[in-house]
Amino acid sequence: MFPTPDLNAARQRIEAAYRPELVRDAGHRLIDAMADYLVRVQACEGVVLPWRAPPDNVREAAGFLDKSKSPDAPCGELAEYFSQIVRTMLQRCHNLHDPRYIGHQVPAPVPLGGLFDAVGSLTNQVMAIYDMGPWSTAVECAMVDALGQRIGWPAGQFSGLVTHGGSIANLTALLTARNVQLPGAWEAGIPSGGRPPVMLVQADAHYSVSRSAGVLGLGTNQVVRVGLDARRRMDPQQLDDCLRRLRADNQPIVAVTACACATPIGAFDPLDQIAEVCRRHEVWLHVDAAHGGSACLSARHRHLVRGLDQADSVIWDAHKMLFVPGLCAFVFYREGRHRFETFRQEAPYLFDPAAPGLAEYDSGLRTLECTKRAAAFGLWGVWSLFGERLFTDLVDVTFELGQVLYGKLQAAPDFTPLHDPQCNIVVFRYTPEYAQGFSAERLGQFQLALRRHLIESGQFYIVSTNIDRIGALRVTIINPLTTPDHLDQLLDAIRRSGEKVREATD
Ligand SMILES: *Cc1c(COP(=O)(O)O)cnc(C)c1O
C-alpha cells in the first residue's frame, strides 16, 4: 500500500496510464511481436510446449510484479518495456499455432479472431443489458441466427445465446430442461416426495453433464448412463428400453443428453434415431455438439449430425471447431419460447419496464452471467472478413487429417488404432514388438509414460485417455496447419519417446 498525500499526482499518473499515444506506440510493438511469434511458431522453430515445472513459472511471473515502471515515464520507454513483457509472455506460452500441437480440443485459432476480441477487451463492451454492449449484442444475435439456421431451423422460430464455454452452456440448457420438465422447481426446488427425477446421458458424455445434475440439485447419483454400441455411440435400443422402464416406474425424467460428438474418441450418436425414441417417450432431448456442431457447415460431414434439428436444446462451442479464441459457446432452443424458462427471476435495476421490447436484447435475462464479455466478436469478425467458406474449409481439412492419421496407424506394424475415426479425434496405442509381453495394465502405463516424455521434450503435444480403463494416446488435429508429413514425424517421435521410456524402466 502506498501513502497518497497528493491526489493531483495520483491523477497525473492515471492520465499518463490512459495516454492514447502510449496505446499507439505499444500497440504497434504488440502487433510486431505477435506476427514474429506466428512466423516462428508456425514454422516449428522451437518447442511446442515450453515445459517448465509450475513453481518456476510462478516465480518468474511474480518477479515481474516488482519490476514495474511509473505510468508517467516517457511513452517510448514504457512501450519498449511493454513489448519486453509481451515477448516473455509469448516465450512462455504453449504454442498452439505450432503444427505439432495436436492435443486437446482447443484450436490454433484464426489469428485475426484474437484481434477482433481485443477490440471488445479494450472498449470493454460487456453486456447484460443492450445499452452496455449495443454492438456486441447485435453481433451475438446475428451469430445465433446464422448458426441456428445452419442447424436446420427456420428463421424466427428458435432462440439462442452465447455463454462462457460449453460447460456453462450444458448447465444452462439442462437448467432450462429441468424447469420445463419439473414445473415449480425453480421456485420450490426439487420436490422431496415421490420418485426423484433422473437425467439420462450418453455413457461417454463430458463430465460437465453429470456435474450439471449435481448443480441442478438432481444429484449425480440420479444420472443414468445409457449404453453404447461397438463404436461408442449411444445405442437407441438401449435408450428405448431404459426410457420404457423409467416411464413404467413413473420416474420423472429431466432430459436425455446425446453427443455430437463425445469426447473420448469423437463418436457421433445417431441423433435421428435417438430423437425418434425421445419423441415417442416425450422427453427433452439435449445434444452436446460442443465439438461436432461445426459439421453443420460441411457438405462432406453434415451427415454426422443428421437429426440435430430435432433436439430441444443444443450446445455448440465456437472456440473448438470454429477456430476462434475462447471463450465463445452457443446454446440453442428449437422452440424459441424456452429461452425465458431458464431464469425466472426479476432484476428490476437491470431491465427497464419503460422499454419492455428491449428485454429480448438484454442477454442477462437468459445467461448465467450478468457481466459477460463480448464473446462473439472473434467469430463474427472472422466470418465477416473471410466468409463462411473458411469454416467449411477448416472442418473439411482437419476431419480429413483424422482419416489420414488412421491410415498411417493401420499401415504401421508398431501402432494399434483403437477406432475408425469419425472426425479429427484419433485414439491409438503404441505397441512395438518389445511391448508384446506387457500386461494390459503395463501397456497402458507405457502409453502415459511415453506421452509425458514426448510433451516435455517439446517435440509434439498430444494427450492421453483411458479406453476400457487402459491408457491410450489421443490426438485432436485442431491446428489446420498440421500436414500429413507432421503426422509421419509424430509416429517417429513416439517411437523415440517409447525407446527412452523403455531404457529408463529396464
Ligand atoms: C469441450 C467439450 C465440453 C466442455 O466445453 P468447454 O467449452 O471446455 O467448457 C463439453 N462437451 C463436449 C462434448 C466437449 O467436447
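As the structure lists them, so they are numbered: ligands from 1, and atoms in each ligand from 1.
- Here A262 has no heavy atoms under 4.0 Å from ligand 1, in either its backbone or its side chain.
- Annotation: I168 places no N or O atom under 3.5 Å from an N or O atom of ligand 1; distance criterion only.
- Checked against the 6.0 Å centroid threshold, Y430 and F415 count as a close aromatic pair.
- Taking any N or O of D288, backbone or side chain, at least one lies under 3.5 Å from an N or O belonging to ligand 1.
- Using a cut-off of 4.0 Å between Lys/Arg side-chain N and Asp/Glu carboxylate O, D98 and R100 are scored as salt-bridged.
- Each of the atoms 12 (C), 13 (C), 14 (C), 15 (O) of ligand 1 lies under 4.0 Å from some heavy atom of T263.
- The heavy atom nearest to atom 14 (C) of ligand 1, out of those in K320, H291, H319, is found in K320.
- If you number the atoms of ligand 1 from 1 as listed, the ones under 4.0 Å from a heavy atom of C261 come out as 13 (C).
- In summary, R339 and E360 engage in a salt bridge, as defined by a charged side-chain N under 4.0 Å from a carboxylate O.
- The residue from H206, M321, H104 that puts a heavy atom closest to atom 4 (C) of ligand 1 is H206.
- When atom types are taken as modelled, the side chain of R429 and the backbone of G471 share a donor-acceptor pair closer than 3.5 angstrom.
- Ligand 1 lies out of reach of G326, whose nearest heavy atom is not under 4.0 Å from it.
- In this structure, R279 has no salt bridge (charged side-chain N to carboxylate O under 4.0 Å, His left out) partners at least two apart in sequence or on a different chain.
- Only the side chain of A290 comes within contact range of ligand 1, with a heavy atom under 4.0 Å; no backbone atom does.
- Contact atoms of ligand 1 toward G165: 7 (O), 9 (O) (distance under 4.0 Å to a heavy atom of the residue).
- The nearest protein atom to atom 6 (P) of ligand 1, hydrogens excluded, is given as G166 N, 3.3 Å; this is a heavy-atom distance.
- In this structure, R233 does not pair ionically with D204, as no charged nitrogen and carboxylate oxygen lie closer than 4.0 Å.
- With ligand atoms numbered from 1 in the order given, ligand 1 contributes 4 (C), 5 (O), 6 (P), 9 (O) to contacts under 4.0 Å with heavy atoms of S167.
- The ring of H486 has its center no closer than 6.0 angstrom to the ring center of F460.
- Proximity to D317 (heavy-atom distance under 4.0 Å) selects the following atoms of ligand 1: 5 (O), 6 (P), 7 (O).
- Annotation: cation-pi pair R389/W383 absent, no NZ/CZ under 6.0 Å from the ring centroid and within 45° of its normal.
- Separation of the W284 and H338 ring centroids falls under the 6.0 Å cut-off.
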